[in-house]
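Quick notes on the structure that follows.
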Protein chains: 2
Amino acid sequence: MSEFKPLDPLLHSQLRLAVMSLLLSVEEAEFTFIKEKTESTAGNLSVQLDKLEKAGYLAIEKSFRGKRPLTTCKITQKGVKAFEAYVENLKNYIS
Amino acid sequence: MSEFKPLDPLLHSQLRLAVMSLLLSVEEAEFTFIKEKTESTAGNLSVQLDKLEKAGYLAIEKSFRGKRPLTTCKITQKGVKAFEAYVENLKNYIS
DNA sequence: ATAGAATGGTTTATAAAATAAACCTATTTA
DNA sequence: TAAATAGGTTTATTTTATAAACCATTCTAT
């Protein structure tokens, strides 16, 4: 029952946590939508999405809508699991 | 109802959050006790306690127990308020 | 047709944080 | 009296987060 288990540093980040939270509720979202909802800059978001993808928490698909690039993100099962574990750990800190 | 309000960066840190959490439950604790409970190094803890004190979230008292230095910490009202606000905001990310 | 603004991002640079390593002073113990 | 321990602080290093600059393409207005 060790009180304070380490918090997954990939999730313990305001923007990445917001992204994951958002994707949990919608299951799929476009770059610009995430950007608006999280009120982040494109640069910051781009970097953080990359990290989440490299961790296997997100699947990112690049395609085109008409002639413009389109980046679509969805959470993976691994991402869901990691998020749940993070929340469980976090509860020991905030309750 | 903007979903993701900024999370107080002073609290959104694993070690500082653990310290605050601990102090909320005990109301007063010694440096070494906090160090053990949070499993942190003395150097890291010293730095983080400093930040929390400078923010006005903790009151830190330096004295002696017998001949040895003794650092005692307690949370302030400002600290309690900040913690509560942090938790409220955080809930929007994790629920 | 072409200059300028907008879209949808990525890459690079900078600032801030977290952490560890080294250090310091005094005190006990062998 | 030398070495280990206590109780920390200070400094250096590594990671992160964030912003700024940039890039390619596509619209829009002239």
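Given the structure is predicted, the values throughout are model-derived calculations rather than measurements. Throughout, protein chains are lettered first and strands after them, A, B, ... in sequence-line order, and every chain is numbered starting at 1.
A donor-acceptor pair is defined here as one N or O able to donate and one able to accept, closer than 3.5 Å; no such pair exists between the side chain of A:S95 and the backbone of A:N92. Of the possible polar contacts, one joining the B:T76 side chain to the B:Y57 backbone as a donor-acceptor pair under 3.5 Å is found.
Residue-to-nucleotide proximity on DNA chain C shows that, of A:N44 and A:R65, the 5′-proximal contact is made by A:R65. For the pair A:R68 and A:T41, nearest-nucleotide mapping onto DNA chain D gives the more 5' position to A:T41.
Residue contacts for B:K51: at a heavy-atom cut-off of 4.0 Å it reaches the sugar-phosphate backbone alone, with no base atom in range. Here A:S40 lies out of heavy-atom contact (under 4.0 Å) with every strand.
For B:V47, counting side-chain heavy atoms from C-beta on, the closest listed nucleotide (D:dG8, D:dA19, C:dA20) is C:dA20.
Atom CG of A:L45 and atom P of C:dT11 are 14 Å apart (whole Å). Atom P of nucleotide D:dT15 and atom CG of A:L7 are separated by 19 Å, given to the nearest angstrom. The CD-P distance, from A:Q48 to D:dT15, rounds to 16 Å in whole Å. If you take CZ of A:F31 and P of C:dT7, they are 14 Å apart, rounded to a whole angstrom.
A side chain to side chain donor-acceptor pair (under 3.5 Å) with B:Y86 is found for exactly one of B:K5, B:K91, B:H12, namely B:H12. Here the options are B:E53, B:Q48, B:K54, the test is side-chain contact (heavy atoms from CB on, under 4.5 Å), and the partner is B:K51; only B:Q48 passes.
Listed in residue order, the members of residues 9-29 of chain B having a heavy atom less than 4.0 Å from DNA chain C are B:S13, B:R16.
The line from CZ of A:R16 to CG of A:L49 is 10.5 Å long, rounded to the nearest 0.5 Å.
Ring geometry, A:Y93 versus A:F4: the interplanar angle falls from 30° to 60°, so the pair is classed tilted.
Between A:K62 and C:dT10, a side-chain N or O to OP1/OP2 separation shorter than 4.0 Å is present. Within the 4.0 Å cut-off from OP1 or OP2 of D:dT9, at least one side-chain nitrogen or oxygen of B:S46 is found.
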